[in-house]
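All values derive from a computational prediction rather than experimental measurement.
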Amino acid sequence: MSAPERIPPQPVTAHRAGRMPPPPASSAMCTLLARGALTVHGRIQQASNAVLYGEVAHEGVRVPCVYKPVAGERPLWDFPDGDLASRETAAYEISRLTGWDLIPATVLRDGPYGMGMCQAWIGPPPGGPDAEAAEDAEDAGVVADTGDADDAGAAEEDAEAPEEDAAEDGPGLLALVDGDEPGEGWKAVGYADVGADRPALLVHADDPRLRRLAVLDAVLNNGDRKGGHLLPQPGGELYAIDHGVTFHVDDKLRTLLWGWAGEELTAEAGAVLRVLAGALAEGEAAAVRLAELLTAAEVDAVRKRVGTLLSSGRHPLPSGEWPAIPWPPV
């Protein structure tokens with residue numbers, strides 16, 4: 001698969017002639033992604049599968065996107081059926097049903113390299129100065145070392161830790177702390193080896209957006225929820241990406257968001273799960289749509305996971321039969 005080796009540095013404008021693009025997770029964005037002309041600008045080199053950066057243009061509106069052709073997927077031994085692109089699209093369909101809009105608009109469509117997943121791009125274009133600044137911010141705060149648990153302002157190499165409201169502004173969703181307690185506003189995940197015989201406690205923010213995502217991941221049976229898949233935005237929105245390793249019929253949940261494991265679900269989560277249960281019933285439009293993207297056994301497994309969450313009323317616990325935390329975690 002030939003594609004430019006480098007992303008061009010010029011930004012891709014998200015509007016034209018005064019027309020603004022629709023919200024990133026909206027059905028209107030899906031329409032634009034599905035109907036627009038797709039142009040590929042380059043390949044994102046760090047990805048294990050073919051991940052192409054481009055733009056979609058439709059009726060005077062241009063939006064940046066990520067395009068992952070099925071032809072560029074590497075086979076996975078434990079996911080022999082279907083393809084990653086269809087799973088990513090199915091994950092978006094479930095996200096839309098929840099009303100939380102945690103996953104950017106995603107469609108399955110034809111493109112320059114065949115059928116693939118096309119998703120609204122979140123953040124600055126790759127390779128530009130804004131993207132580099134965002135990466136620096138992520139290194140400093142999205143996964144931060146806050147040092148002593150009793151002094152959350154002391155970060156590794158004396159870097160300044162995120163402010164209390166940093167989770168709303170971007171950084172501060174994940175951290176490493178010394179000691180055995182996560183500290184106020186944080187939830188413990190587990191211990192991590194950071195070298196120099198100094199174990200550190202991996203924690204995530206006690207953030208309602210992350211808690212919603214933890215519920216969504218349990219429904220999706222997400223086998224790869226890493227820190228780098230979390231894209232908090234300046235306006236307070238949180239988007240999550242990379243949902244190809246989802247919907248397995250066996251328990252494959254691997255995530256960094258175990259902080260609520262075993263705790264009661266929120267009333268909001270219970271209400272959302274009841275909506276999902278109804279929408280995924282046999283013959284309902286959402287169930288029919290999922291059946292176009294997943295196997296019958298996988299769709300049935302989604303229903304069972306929703307039912308289990310409703311009957312237990314609690315966030316799931318690690319199964320013990322599968323590594324609970326993905327590697328690398330970020």
Side-chain angles (χ1 to χ4, degrees), residues 11-41 44 50-72 82-126 212-213 216 219-220 229 231 233 235-244 246-247 272 275-276 278-280 283-294 299 302:
V12 176
T13 180
H15 58 88
R16 180 178 175 184
R19 297 194 60 187
M20 298 298 294
S26 65
S27 56
M29 179 63 81
C30 273
T31 300
L32 195 159
L33 293 173
R35 297 181 180 178
L38 173 58
T39 302
V40 171
H41 292 308
I44 298 174
V51 179
L52 308 179
Y53 175 76
E55 67 174 342
V56 171
H58 182 62
E59 296 183 346
V61 180
R62 293 161 47 206
V63 295
C65 67
V66 59
Y67 164 52
K68 300 180 182 180
V70 174
D83 51 69
L84 304 184
S86 294
R87 296 177 189 280
E88 294 227 44
T89 306
Y92 169 73
E93 298 285 348
I94 296 291
S95 176
R96 283 293 288 169
L97 289 173
T98 67
W100 289 332
D101 287 346
L102 291 167
I103 299 177
T106 311
V107 300
L108 192 65
R109 60 161 292 171
D110 198 11
Y113 301 105
M115 291 297 297
M117 177 276 273
C118 184
Q119 184 177 81
W121 180 270
I122 302 297
R212 293 176 188 131
L213 184 59
L216 178 60
V219 172
L220 302 179
H229 300 165
L231 304 178
Q233 298 302 293
E237 304 90 349
L238 174 67
Y239 296 107
I241 59 171
D242 286 350
H243 297 93
T246 49
F247 295 107
V272 166
V275 170
L276 280 180
L280 296 177
E284 294 293 329
V288 173
R289 174 57 177 152
L290 279 190
E292 297 171 352
L293 300 167
L294 306 172
V299 175
V302 177

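Heavy-atom minimum distance, Ser86 versus Leu293: CB-O, 3.4 Å. What you find for Gly244 and Leu84 is that their closest heavy atoms are O-CD2, 3.4 Å. Considering all non-hydrogen atoms of both residues, Gly114 and Tyr67 come closest at O-OH, 2.7 Å. Counting all heavy atoms, side chain and backbone alike, Ala240 lies closest to Pro104 at O-CD, 3.3 Å. Scanning both residues, Arg109 and Gly36, for their nearest heavy atoms gives NH1-O, 2.8 Å. The minimum heavy-atom distance linking Tyr92 with Ala25 is given by the pair OH-O, 2.8 Å.
Between Tyr53 and Trp121, the ring-plane angle classifies as perpendicular under the 30° and 60° cut-offs.
Taking SG of Cys118 as the start and CG of Asp110 as the end, the distance is 11.0 Å to the nearest 0.5 Å. Between atom CE of residue Met115 and atom CG of residue Leu108 there is a gap of 4.0 Å, rounded to the nearest 0.5 Å. Note that CD of Gln119 is 8.5 Å distant from OG1 of Thr89, once rounded to the nearest 0.5 Å. The distance from atom CG of Leu238 to atom CG of Asp101, rounded to the nearest 0.5 Å, is 12.0 Å. Separating the CD1 atom in Ile94 from the CD1 atom in Ile103 is a distance of 9.0 Å, to the nearest 0.5 Å. The distance from atom CG of Leu33 to atom NE2 of His58, rounded to the nearest 0.5 Å, is 10.5 Å.
Among residues two or more places apart in sequence or in another chain, the side chain to side chain donor-acceptor pair (under 3.5 Å) test is passed with Asp242 by Lys68, His229.
Between Glu292 and Arg289 there is a salt bridge, since at least one side-chain N of the basic residue sits less than 4.0 Å from a carboxylate O of the acidic one.
Leu276 is not listed as a side-chain neighbour of Val302, based on a closest heavy-atom distance of 4.5 Å or more. The side-chain heavy atoms of Val66 and Ile241, taken from C-beta on, include no pair separated by under 4.5 Å. At least one side-chain heavy atom of Leu97 sits less than 4.5 Å from a side-chain heavy atom of Leu280. Between Glu55 and Val63 the shortest side-chain heavy-atom distance does not fall below 4.5 Å.
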Inset, instruction - Test side chain to side chain contact (heavy atoms under 4.5 Å, CB included) on Phe247 and Leu220 and set out the steps. - result: CA-CA 5 Å; Phe247 295 107; Leu220 302 179; 3.4 Å; yes

